[in-house]
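Take a look at the structure below.
In what follows, residues are counted from 1 in the order of the sequence shown.
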Amino acid sequence: MNEVLMPKATAVWLVDNSSLTFVQIADFCGLHPLEVKGIADGEVARDIRGADPISNGQLTREELDRAQSDATYRMKAQKSRHAEMLKPARKGPRYTPVSRRQDRPDAIAWFVRNHPEVSDAQISKALGTTKATIDQVRNRTHWNSTNVKPVDPVSLGLVTQLELDALVKKAAEKKAREDAKRRVEQPEGPALHSASESEEHEVEVAAEADA
C-alpha cells in the first residue's frame with residue numbers, strides 16, 4: 001500500500017470530516033489508534049491543519065463511503081498526484097523559499113513549546129534558520145513577536161512528517177541517554193555522612209535517651 005503523505009494532518013481531516021473508527025483512520029494513516037484518539041480529544045496535533053486526502057488524490061470518495069458504511073473495511077491509499085511535488089528534492093543545506101521564511105518563527109515557537117528536548121542546532125538545521133532567531137523567538141524579543149504563534153512545521157511545509165518524526169526521535173533518545181547518565185553520576189537519596197558526622201549524631205541520640 002502507498003504511504004499516506006502528511007499522516008497526522010490526514011488523520012486530523014478524517015477525524016473532523018468522517019465517521020470512520022479510530023482503528024480505520026489509524027490503519028489508513030499508519031498511526032496508532034490511541035494517537036488518533038488523542039487527535040479526536042484535542043490532546044495530539046492541536047496545531048496541525050487537516051489535509052484532505054480526497055483532494056490531494058490519496059483517497060477516493062468511493063473508498064471513504066465504503067469504509068464509513070463498514071467498520072471492518074480498511075481503506076486503500078492511492079499514489080497522490082502531488083507526491084512528486086511534496087517529495088524532498090535536495091540533499092545538503094536546507095533552502096527555505098522566500099514565501100515560507102515568514103513562517104519559520106511560528107515553526108520555531110512550535111519546537112520551543114512542544115519539543116524542548118530538540119536542540120537549537122537541530123532546529124536551525126531543520127528549518128534553515130539561525131540560533132539568533134531561535135533565541136529571539138524563545139525570549140520573545142523577535143521583531144514580530146506579537147504575531148508569532150506555534151504552528152507545526154509540517155503544516156507550514158518547512159519539513160516533511162518523516163523528517164520531523166526522525167528529528168524528535170533522535171532528540172528524545174539523546175535526552176534519555178543524558179538523563180540516565182545524570183542519574184548514575186548523581187544518585188537520588190540522602191547523601192552519605194562522613195564518619196565524624198555519624199559519631200556526633202550517635203552521641204546526640206545517646207544524650208537525648210539519657211535525658
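- Note: Gln161 CD to Cys29 SG = 10.5 Å, rounded to the nearest 0.5 Å.
- Across all their heavy atoms, Ala107 and Leu127 have their closest contact at CB-CD1, 3.8 Å.
- The main-chain N or O of Glu43 is never found under 3.5 Å from a side-chain atom of Asp41 such that the two would form a donor-acceptor pair.
- Listed for the Glu63 side chain is no donor-acceptor partner under 3.5 Å among the backbone atoms of Thr60.
- When all heavy atoms of Thr21 and Ala71 are compared, the closest pair comes out as CG2-CB, 4.0 Å.
- Residues Leu14 and Pro53 are in side-chain contact: their nearest non-hydrogen atoms beyond the backbone lie under 4.5 Å apart.
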- Message: I'd like to know whether Asp152 forms a side-chain contact (heavy atoms from CB on, under 4.5 Å) with Leu164, so could you lay out the CA-CA distance, the side-chain angles of the two residues, the decisive distance to 0.1 Å, and finally the verdict.
- Response: CA-CA 10 Å; Asp152 180 3; Leu164 177 60; 3.6 Å; yes
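- Residues Arg104 and Leu156 have side chains not in contact (no heavy-atom distance under 4.5 Å, counting atoms from C-beta outward).
- Contact check for Trp143 versus Val148: no side-chain heavy atoms found under the 4.5 Å cut-off.
- Among pairs with a residue in residues 52-74, none fulfils ring pair (Phe, Tyr, Trp, His ring centres under 6.0 Å), at least two apart in sequence or across chains.
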- Run the side-chain contact (heavy atoms from CB on, under 4.5 Å) check on Val154 and Ile48 step by step: do they pass? CA-CA 8 Å; Val154 175; Ile48 296 180; 6.0 Å; no
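- Between Leu59 and Phe28, some side-chain heavy-atom pair lies under the 4.5 Å cut-off.
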- Query: How far apart are the C-alpha atoms of Leu20 and Leu64, what are their side-chain angles, what is the distance that settles it, and do they pass the side-chain contact (heavy atoms from CB on, under 4.5 Å) test?
  - Reply: CA-CA 8 Å; Leu20 297 174; Leu64 178 58; 3.7 Å; yes
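- If you run salt bridge (charged side-chain N to carboxylate O under 4.0 Å, His left out) between Asp179 and each of Lys181, Arg177, Arg182, Arg183, only Arg182 comes through.
- Contacts of Asn147 classified as side-chain contact (heavy atoms from CB on, under 4.5 Å), with partners at least two apart in sequence or in another chain: Asn144.
- In this structure, OG on Ser19 lies 9.0 Å from CG on Asp65, to the nearest 0.5 angstrom.
- Distance check: Phe111 CZ to Ser124 OG gives 11.5 Å after rounding to the nearest 0.5 Å.
- When hydrophobic clusters are built by joining Ile, Leu, Val, Met, Phe, Trp and Tyr residues whose side-chain heavy atoms come closer than 4.5 Å, directly or via intermediates, Ile25 is grouped together with Ile54.
- If you take OG1 on Thr10 and CG on Asp52, they are separated by 8.5 Å, rounding to the nearest 0.5 Å.
- For Pro150, the side-chain contact (heavy atoms from CB on, under 4.5 Å) test picks out Asp47, Ala109, Trp110, Arg113, with sequence neighbours left out.
- Residues passing the salt bridge (charged side-chain N to carboxylate O under 4.0 Å, His left out) test with Glu117, sequence neighbours excluded: none.
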- Message: Under the criterion side-chain contact (heavy atoms from CB on, under 4.5 Å), I'd like the reasoning laid out for Gln122 against Asp120: C-alpha separation, chi angles, the key distance, then a yes or no.
- Response: CA-CA 5 Å; Gln122 289 174 309; Asp120 288 359; over 6 Å; no
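- Residue Val23 is not grouped with residue Val15 when hydrophobic side chains (ILVMFWY) are merged at heavy-atom distances under 4.5 angstrom, including chains of intermediate members.
- In terms of the side-chain contact (heavy atoms from CB on, under 4.5 Å) criterion, residue partners of Asn139 (sequence neighbours excluded) are, by chain and number, Asp135, Thr141.
- One N or O on the side chain of Gln24 and one on the backbone of Ala67 form a donor-acceptor pair closer than 3.5 Å.
- No side-chain heavy atom of Lys170 sits under 4.5 Å from any side-chain heavy atom of Lys174.
- Considering CE of Met6 and CD of Gln58, their distance stands at 7.0 Å, rounded to 0.5 Å.
- Scored by the side chain to side chain donor-acceptor pair (under 3.5 Å) test, Asp16 finds no partners at all (sequence neighbours excluded).
- Annotation: the span from Thr130 atom OG1 to Ile123 atom CD1 amounts to 11.5 Å, rounded to 0.5 Å.
- Pairing each heavy atom of Ala126 with each of Val159, the nearest pair is O-CG1, 3.6 Å.
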